[in-house]
**Q** 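Okay, handing you the structure first.
Note that the structure is a prediction, hence the values are computed from the model and not measured.
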Amino acid sequence: MKRVPAFIMILALVVLAIYVINWDYARVAAGGQNAIDSLVGDPDSTPPLFESSDEKSDLTLINDDNPLARGFKPQELVSLYELVERPFDLIEESICMKASAAQAMQEMFWAAQADGEFGFIITSGYRSYAEQTVLFTTNQNGYVARPGASEHQSGLAFDVGVYYNENIEQTAQYRWLVEHCGEFGFILRYPPDKEAITGVPFEPWHFRYVGVPYAQEIMGAGITLEEYLGH
């Protein structure tokens, strides 16, 4: 029987080793992806919310139990930086919001200025699913909503700060917003002493557009969106 040359045997062993390594890598990679999916959930299986742009869609509850689909993107996003005149500053030029919420927010901050309250800084608006995933997986300080469960992905929410004061809840600007935001369709989404209901600690910087009649009822009653919707 003719012997197989040694170099052919070595080459065959190398090819076999490469195959085994690649198969094992694919198995491990798949396992890693499954672990990530188990962490953030599978929002693709959830029907997307806000399919229409009517006022009822602005009232929709968004949280861990009512997530947005991975591919969801709100219609009519507008750049806050490109607004002709802004009664607020932006922490960065790329911040966007849904058009209806952006218009109401602009009117609200103009009214604040008319009452002598200045110095507002918008620190966050719309976020994509990918952006929320990065925040969620890299955050080490404080609460960050899971991808799909963040109101920022709806384009209806914004975070606001005040110049020269890191604690907005201690400012006159914050007190003005809490008193008047309902008149413009906004609510303080995560008020104090409501974490057991919302699942989110007090966030004095986070406001959500739901529409004027609903916002006035919610803020007037001192309740949360969960309580208003019976969840």
**Q** Is it the case that Asp159 and His152 place a side-chain donor and acceptor less than 3.5 Å from each other?
**A** yes
**Q** Distance from Leu61 atom CG to Asn66 atom CG, nearest 0.5 Å?
**A** 4.5 Å
**Q** Do Tyr228 and Leu59 have side chains that get closer than 4.5 Å, going by heavy atoms?
**A** yes
**Q** How many angstroms lie between atom CG of Leu229 and atom CD1 of Ile218, to the nearest 0.5 angstrom?
**A** 6.5 Å
**Q** Give the C-alpha distance, both sets of side-chain angles, the deciding distance and a yes or no for side-chain contact (heavy atoms from CB on, under 4.5 Å) between Leu225 and His231.
**A** CA-CA 8 Å; Leu225 186 56; His231 288 263; over 6 Å; no
**Q** Please check this pair: side chain of Gln132 against backbone of Tyr129, looking for a donor-acceptor N/O pair closer than 3.5 Å.
**A** no
**Q** Write down the atom of Gly148, the atom of Ile62, and the distance for their closest heavy-atom approach.
**A** O-CG2, 3.9 Å
**Q** Can you tell if the side chain of Glu183 reaches within under 4.5 Å of the side chain of Val212, non-hydrogen atoms only?
**A** no
**Q** Nearest 0.5 angstrom please: Cys181 SG to Phe109 CZ, how far?
**A** 10.0 Å
**Q** Enter the distance from Asp193:CG to Thr198:OG1 here, rounded to the nearest 0.5 Å.
**A** 10.5 Å
**Q** Salt bridge or not for Arg208 and Glu151, using N-O below 4.0 Å?
**A** yes
**Q** Side chains of residues 82-91: which donor-acceptor partners sit under 3.5 Å, not counting sequence neighbours?
**A**
{"residue": "Arg86", "atom": "NH1", "partner": "Tyr81", "partner atom": "O", "Å": "3.0"}
{"residue": "Asp89", "atom": "OD2", "partner": "Tyr163", "partner atom": "OH", "Å": "2.7"}

**Q** Show the nearest heavy-atom pair for residues Leu188 and Pro192, with the distance to one decimal.
**A** CD2-CD, 4.5 Å
**Q** Under a 4.5 Å cut-off applied to non-hydrogen side-chain atoms, are Arg127 and Ser150 in contact?
**A** yes
**Q** I'd like to know whether CD of Gln103 has more than 12 heavy-atom contacts from other residues, nucleotides or ligands below 6.0 angstrom.
**A** no
**Q** Distance from Ile95 atom CD1 to Ser124 atom OG, nearest 0.5 Å?
**A** 6.5 Å
**Q** Side chains of Lys98 and Gln75: closer than 4.5 Å at any heavy-atom pair?
**A** no
**Q** Please test Asp58 against Leu156 for side-chain contact (heavy atoms from CB on, under 4.5 Å), starting from the C-alpha separation and ending with a verdict.
**A** CA-CA 7 Å; Asp58 294 338; Leu156 296 169; 3.6 Å; yes
**Q** So, for Ala102 and Leu80, which heavy atoms are closest and what is the spacing to 0.1 Å?
**A** CB-CD2, 3.8 Å
**Q** Looking only at the aromatic ring of each residue, does the gap between the centers of Phe207 and Phe186 stay below 6.0 angstrom?
**A** no
**Q** So Pro201 and Tyr190, do their side chains get closer than 4.5 Å, heavy atoms only?
**A** no
**Q** What are the two closest heavy atoms between Val178 and Met219, and how far apart are they?
**A** O-CE, 3.5 Å
**Q** Considering all heavy atoms of both residues, which atom of Ala112 and which atom of Phe120 are nearest to each other, and what is their separation?
**A** CB-CE1, 3.8 Å
**Q** Report all side-chain donor-acceptor pairs from residues 164-172 shorter than 3.5 Å, counting only partners two or more places apart or in another chain.
**A**
{"residue": "Asn165", "atom": "OD1", "partner": "Asn167", "partner atom": "N", "Å": "2.9"}
{"residue": "Thr171", "atom": "OG1", "partner": "Ile168", "partner atom": "O", "Å": "2.7"}
{"residue": "Thr171", "atom": "OG1", "partner": "Tyr174", "partner atom": "N", "Å": "3.1"}

**Q** Any donor-acceptor pair under 3.5 Å linking the side chain of Glu195 with the backbone of Val200?
**A** no
**Q** Can you hop from Val78 to Ile122 via hydrophobic side chains spaced under 4.5 Å?
**A** no
**Q** Which heavy atom in Ala215 sits nearest to a heavy atom in Gly185, and how many Å separate them?
**A** CB-C, 3.4 Å
**Q** Any side-chain to backbone donor/acceptor pair from Gln216 onto Pro213? Under 3.5 Å, distance only.
**A** no
**Q** Could you tell me whether a side-chain N or O of Asp115 sits under 3.5 Å from a main-chain N or O of Glu117, the two making a donor and an acceptor?
**A** no
**Q** Is Glu226 salt-bridged to Arg189, cutoff N-O under 4.0 Å?
**A** yes
**Q** Does the Asp64 side chain pair with the main chain of Pro67, one donor and one acceptor, at a distance under 3.5 Å?
**A** no
**Q** Quick one about Tyr126 and Gln153 (side-chain donor to acceptor, distance below 3.5 Å, no hydrogens or angles considered), yes or no?
**A** no
**Q** When rounded to the nearest 0.5 angstrom, what is the spacing between OH in Tyr143 and CZ in Phe136?
**A** 8.5 Å
**Q** Could you tell me if the side chain of Met97 sits less than 4.5 Å from the side chain of Phe158, heavy atoms only?
**A** yes
